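Just so you know, these numbers come straight off a predicted model, no measurement behind them. Scope of the values below: all heavy atoms of this structure, side chains included, with no hydrogens, waters or symmetry mates. Here is how names work: the chains are called A, B, and so on, in the same order as the sequence lines, proteins then strands, and each is numbered from 1.
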Amino acid sequence: MPQEENTTVTRETAPPADDRYDAQRIESKWFERWPQDGSIYAAEHDSTKPKYYALEMLPYPSGALHMGHVRNYSIGDALARYMWMNGYNVLHPMGWDSFGLPAENAAISAHTPPRDWTLGNIAKMKAQMKRLGFAYDWSREVTTCLPEYYRWNQWFFLKLYEKGMAYRKQSKVNWCPKCATVLANEQVVGGCCWRHEDTLVEQRELEQWFLRTTKYSDELLSGLDKLEGWPEKVRTMQRNWIGRSAGTLVDFKLDGAADSPENTITVFTTRVDTIFGATSIQLAPEHPLVTRMAKFNDPLRAQVEQLVTEQRKAKETGDIGAIEKHGINIHHFAVNPYNGERLPIWVANYIVMDYGTGAIMSVPAHDERDFEFARKYALEVRLVIVPCPDDPEETVTEPVPPFTDLKGSLVNSGEFTGLTCQDAIAKMSTYAEQHGFGRATVTYRLKDWGISRQRYWGTPIPMLYCEKDGIVPVPEKDLPVVLPDNVDMTLTGGSPLGRVPEFVNAVCPKCGGAARRETDTMDTFVDSSWYFYRYTDPHNQQAPFDSKTAGYWFPIDQYIGGVEHAILHLIYSRFWTKFMRDMGMVTNDEPADRLFTQGMIIKGGAKMSKSLGNVVSPDEMVARYGADSTRMYTLFATAPDRELDWQDEGVEGIQRFLSRLYRVVTDKTEPPARRSNLPVEDGRGSAARTLQRKLHQTIKRISHDFEGRWHFNTSISALMELNNLVSGMGQDISAGNIPPEDLAEAKRVLVLLLSPFAPYLAHELWEILGEKGTLLKASWPKYDPELAKEDEIEIPVQVNGKLRSVVVVPAGSSEEIIREAAMADAKIRTAITGKQIVKKIVVPGKLVNIVVR
RNA sequence: GCCGGGAUGGCGGAAUUGGCAGACGCAGCGGACUCAAAAUCCGCCGGGCUUCGGCCCUUGGGGGUUCAAGUCCCCCUCCCGGCACCA
């Protein structure tokens, strides 16, 4: 075919650019038009409007956004936009959790200074966020690795130190050999490092800085009950983590030894009521008494060491719950202070040192583990609890051990015989206290937070060590202690900062003599524990933030992020808020009123990962389908809290939908000047009424989704239904069955409802419709419940619970009318012919069921 | 072992209070447009039977409550997440 002809054909058939939805054209146009600093999304300083603080968890600047981020931020952005349209003064900020190990690793492998690497990544990711059209006020951007921010970490550390909430202690700590640093308990997952899931964590003895999180153990726990806007799952995880356990401490004296603290074994038990059934004492292999006794006893030491090794191995591999119980009888005895009985002391592999006191009383009759152990070594099983039946008539039979039920009463228990278990626990604890050999106590799994890290890329801990004055805090006026540049990062052990003399060598502020700087840096979870307060007052030079300003914005109305932070970040943040409250900096008890945890994204049944090669890149999706389609798909594929199974074809589907919507809104078909079929009375024929009803129903559904369940997948379905209806009404429109103002209203509403999900296209269409005001602050449409109601409804008619017909009646019809309509229906008459009607169930507005025999 | 969440067409999922199971989308099939293809538009689309009127089965499995169960109750299987000899 000749070249010229071909060109002509193309010109004639290809529609002008504006007639087709062209995501790239529209998105680049609006990208240029929206200010780069996000100033159109700025919160108002002084506002009579109600406030709304919408917050998404800030990312670590790894170099590129992944789909999980896109999902997280698409949810938050839709919410923020919805709130703006509802007239709220919205705070919607973003920042960078930018300290941390990957920057150091990059420095080693790519010879790029951590700072350059990090800031470069931030620039890339910020550009991605802007391209995706997220509505952030960038003037409030917080970057935790900059001195403007981390100086306040140091300031907080000084305050914590002043209040005795930060302290230094020597202790066994978790050490990840790959990270070459200490980890908090929260960062150890199944015995392995949270960042290196194949690397076992070692135990090392080190001097560390700790924050006294345990001061708030009780409040952190009880506060969970009030956090009704948090997922039950997260609250349960935190409860488990805090691990409160009420029990009794009981001192057992070593038989035949001098009366001294070292010769006392304190056991922790939640069931002191069973103590008359104790037949041995079990110690953890690492218990101090065991260490002492084994010191000059080589055979025993060898045996104990084996138990220790075995226990550690089991702990590391996570099988501690499954190891076979065994132990060693060390041929010493302890005295039960309640009855003076001598109990043999054993060392057992199922007793761990880091819970309770590392010593238990073994009650085989009333504890499954003790029972298992006792059976192996043929130890005595002595019943001291019998069941209390609910029905007093029931005869009490002797239980089969191990009987662990708390619904029982005591037997063979001296003066406590006859008491119920609950009563006995209280009375026996008091008894122990009165006689000086024990007391009621509460233990927690939650430990103080070790924050020292032997790494470079973190906040320097503002402390000095002076030969003369000991530990001396850096004076507030000398903050920030700036992280030096040009630090050798190669992994030779010890803190990299320790190899920078200009940093280490300092002057003692007390005596003016030489002092050494602390060379450890802070755990990066310190940074994220309070960053959201800084957003409210990001440029403050005098304080982390102004209390009044924070008081206006806090608590966060909605916090959105991944469930992987359910424990770590969210417990530390709650702790920090409580500390700041007690300092008088804030008045709220909790940082966030409501929390939402979005589901993971998977592809082909597996988590996206480089090794599986199933990673979907946001950049690629945006280039291929546009930001609107990409974002909208993450909301459409499933409800936001569920796992999302990624399918590229699904994004195409959304793109097709946006194309159809574009066509519907830009369609120029005008109704004829003279209207034909419009009834005079109510001004609306059935087609017009159908459109009107659907319009109001759609506004209702989407508004409800925002206010309640957040099932944006059904919001988008509703939008599709509305769009399908309008696009199928071409004939009615050209025939003049739809009043032009109704059609215009439908298009307007369609664009308004679209805007939280697909802001680029919505802005383009808003302009095409000739709307003047900014879409961002246009009013969210209101629905009229009357107009949303159906005029006629279909009532299914069942016979014996099986669908046999459907009758149409006016909405709101009485039971009587519906019954008659059902009975008059031909199909129903056939179905019930020759049968006896037993019952007719008519549920107005719902259905009819005729029961026949 | 304990706690939480889940299982619905070929696929992702809907069904808000016990009331027509399968909305919406994807894939597939058929048709229109086209020389053709893509794009777009229209129609069909859980399974089985059918005399084409319909009939029967179907929400992981088994039992129950009810006129009526995906939804409530009891038992069981599997999957995901958390905790775990926690004394």
Would you say the side chains of A:S805 and A:D825 form a donor-acceptor pair under 3.5 Å?
yes

Consider only side-chain N and O atoms of A:E310 and A:H326, and report whether a donor and an acceptor are under 3.5 Å apart.
yes

Return the pairing partner of B:A87 with a 3.5 Å limit on both distances, Watson-Crick or G-U wobble; otherwise return none.
none

With syn defined as a glycosidic angle within 90 degrees of 0 and anti as anything else, the base of B:G9 is syn

Within the structure, does a side-chain N or O atom of A:T443 lie under 4.0 Å from either OP1 or OP2 of B:C86?
no

Can you tell me, in whole Å, how much space there is between the C1' of B:C45 and that of B:A27?
11 Å

Are side-chain N/O atoms of A:Q282 and A:S280 paired as donor and acceptor at under 3.5 Å?
yes

Can you tell me the base-pairing partner of B:U17? Count Watson-Crick or G-U wobble geometry only, both distances below 3.5 Å, and say none if there is no partner.
none

Closest to side chain of A:R369, choosing from B:A23, B:G54, B:C85:
B:C85

Check every atom of B:A87, B:G12, B:G19 against the side chain of A:F268 and return the nucleotide holding the closest atom.
B:A87

More 5' along RNA chain B: A:T638 or A:D370, using each one's nearest nucleotide?
A:T638

With a 3.5 angstrom cut-off on both distances, give the Watson-Crick or G-U wobble partner of B:C2, or none if there isn't one.
B:G82

Taken to the nearest whole Å, NE2/A:H565 to P/B:G81 is 17 Å

So what does A:R656 hit on the nucleic acid, given a heavy-atom distance under 4.0 Å: a base, only sugar-phosphate, or nothing?
sugar-phosphate

Sticking with atom C1', work out how far B:U34 lies from B:U40, rounded to a whole angstrom.
12 Å

Counting side-chain heavy atoms from C-beta on, which of B:C67, B:C20, B:G25 comes nearest to A:L803?
B:C20

Between B:U71 and B:C86, how far apart are the two P atoms, rounded to whole Å?
36 Å

Looking at every strand, decide which applies to A:E232 at a 4.0 Å heavy-atom threshold: base, sugar-phosphate, or nothing.
nothing

Examine A:W346 together with A:Y377 and report whether their ring centres are nearer than 6.0 Å.
yes

From the candidates B:C86, B:C67, B:A23, the one with an atom nearest any side-chain atom of A:I841 is B:C67

Counting Watson-Crick and G-U wobble pairs only, both distances under 3.5 Å, name the nucleotide matched with B:U59, or none.
none

Rounded to whole Å, CD of A:E721 lies from P of B:G22 at a distance of 13 Å

By the Watson-Crick or G-U definition, both distances under 3.5 Å, B:C26 is matched with B:G10

Main-chain N/O of A:A758 paired with A:R631 side-chain donor or acceptor, under 3.5 Å
no

B:G64, syn or anti by chi within 90 degrees of zero:
anti

Touch class at under 4.0 angstrom, heavy-atom based, for A:G653 against every strand present:
sugar-phosphate

A:R642 side chain near B:G12 phosphate (N/O to OP1/OP2, under 4.0 Å):
no

Would you indicate what A:E372 reaches in the nucleic acid, counting non-hydrogen atoms under 4.0 angstrom: base, sugar-phosphate, or nothing?
nothing

Which residue, A:H704 or A:T357, contacts RNA chain B at a nucleotide closer to its 5' end, judged by nearest heavy atom?
A:H704

Taking a pair to mean Watson-Crick or G-U wobble geometry with both distances below 3.5 Å, B:U51 pairs with none

A:N349 side chain N/O closer than 4.0 Å to the phosphate oxygens (OP1, OP2) of B:C85?
no

Whole-Å distance, A:Q731 CD to B:C41 P, equals 16 Å

Can you say whether a donor on the side chain of A:K325 sits under 3.5 Å from an acceptor on the base of B:C85, or the other way round?
yes

Considering only side-chain heavy atoms of A:S717, which listed nucleotide, B:A87, B:C11, B:C24, is closest?
B:C24

Could you go through the side-chain hydrogen bond (donor to acceptor under 3.5 Å, both in side chains) check for A:D648 and A:Y625 one step at a time?
CA-CA 10 Å; A:D648 288 354; A:Y625 305 106; 5.5 Å; no

Rounded to whole Å, please give me the gap between CG in A:N713 and C1' in B:C11.
16 Å

What integer distance in Å separates A:L446:CG from B:C83:P?
14 Å

For A:I351, report the nucleic acid contact type (base, sugar-phosphate, nothing); a contact means any heavy atom under 4.0 Å.
base

Indicate, with a heavy-atom threshold strictly under 4.0 Å, whether A:N724 touches base, sugar-phosphate, or nothing.
sugar-phosphate

How about A:F437 and A:F252: are their ring centroids closer than 6.0 Å?
no

Counting any heavy atom closer than 4.0 Å, what does A:K603 reach on the DNA or RNA strands: base, sugar-phosphate only, or nothing?
nothing

If you look at every strand shown and take non-hydrogen atoms under 4.0 Å, does A:V851 touch a base, only sugar-phosphate, or nothing?
sugar-phosphate

Once the angle between the rings of A:Y355 and A:F268 is folded into 0 to 90°, is it parallel (under 30°), tilted (30 to 60°) or perpendicular (over 60°)?
perpendicular

Check this one for me: any side-chain N or O of A:R663 less than 4.0 Å away from OP1 or OP2 of B:C41?
yes

Kindly point out which of B:G81, B:C67, B:C20 is positioned nearest to the side chain of A:K839?
B:C67

Sugar-phosphate, base or nothing in reach of A:R804, heavy atoms under 4.0 Å
sugar-phosphate

With rounding to the closest Å, how many angstrom separate the P atoms on B:C72 and B:G12?
22 Å

Look at all strands and tell whether A:F636 reaches a base, only sugar-phosphate, or nothing, counting heavy atoms closer than 4.0 Å.
base

Pairwise P distance, B:C2 and B:A15 [rounded to whole Å]:
32 Å

Using whole Å, report how far CD of A:E643 lies from C1' of B:G5.
11 Å

Scan every strand shown for a Watson-Crick or G-U wobble partner of B:A32, both distances under 3.5 Å, and answer none if you come up empty.
B:U40

C1' spacing across the pair B:G6 / B:G13, given as an integer number of angstrom:
14 Å

Does A:N849 make a side-chain donor-acceptor contact with the base of B:C67, cut-off 3.5 Å?
yes

Over all strands shown, is A:R660 touching base, sugar-phosphate only, or nothing at heavy-atom distances under 4.0 angstrom?
sugar-phosphate

Nearest-angstrom distance from the residue atom CH2 of A:W230 to P of B:G82:
18 Å

Quick check for you: among B:U16, B:G82, B:C20, whose closest atom lies nearest to any side-chain atom of A:E794?
B:C20

Given atom CZ of A:F712 and atom P of B:G25, what is their separation to the nearest angstrom?
20 Å

Near-ring test A:Y350/A:F373, centroid separation under 6.0 angstrom
yes

Gap in Å between the two P atoms, one belonging to B:C57 and one to B:G53, rounded:
22 Å

In Watson-Crick or G-U wobble terms, both distances under 3.5 Å, what is the partner of B:G70?
none

Verify the ring-centre separation between A:F757 and A:F706: is it less than 6.0 angstrom?
yes

Using the P atom as the reference point in each nucleotide, state the distance between B:G48 and B:A38 in Å, no decimals.
29 Å

Taking 4.0 Å as the cut-off, does a side-chain nitrogen or oxygen of A:K802 come that near to OP1 or OP2 on B:C57?
yes

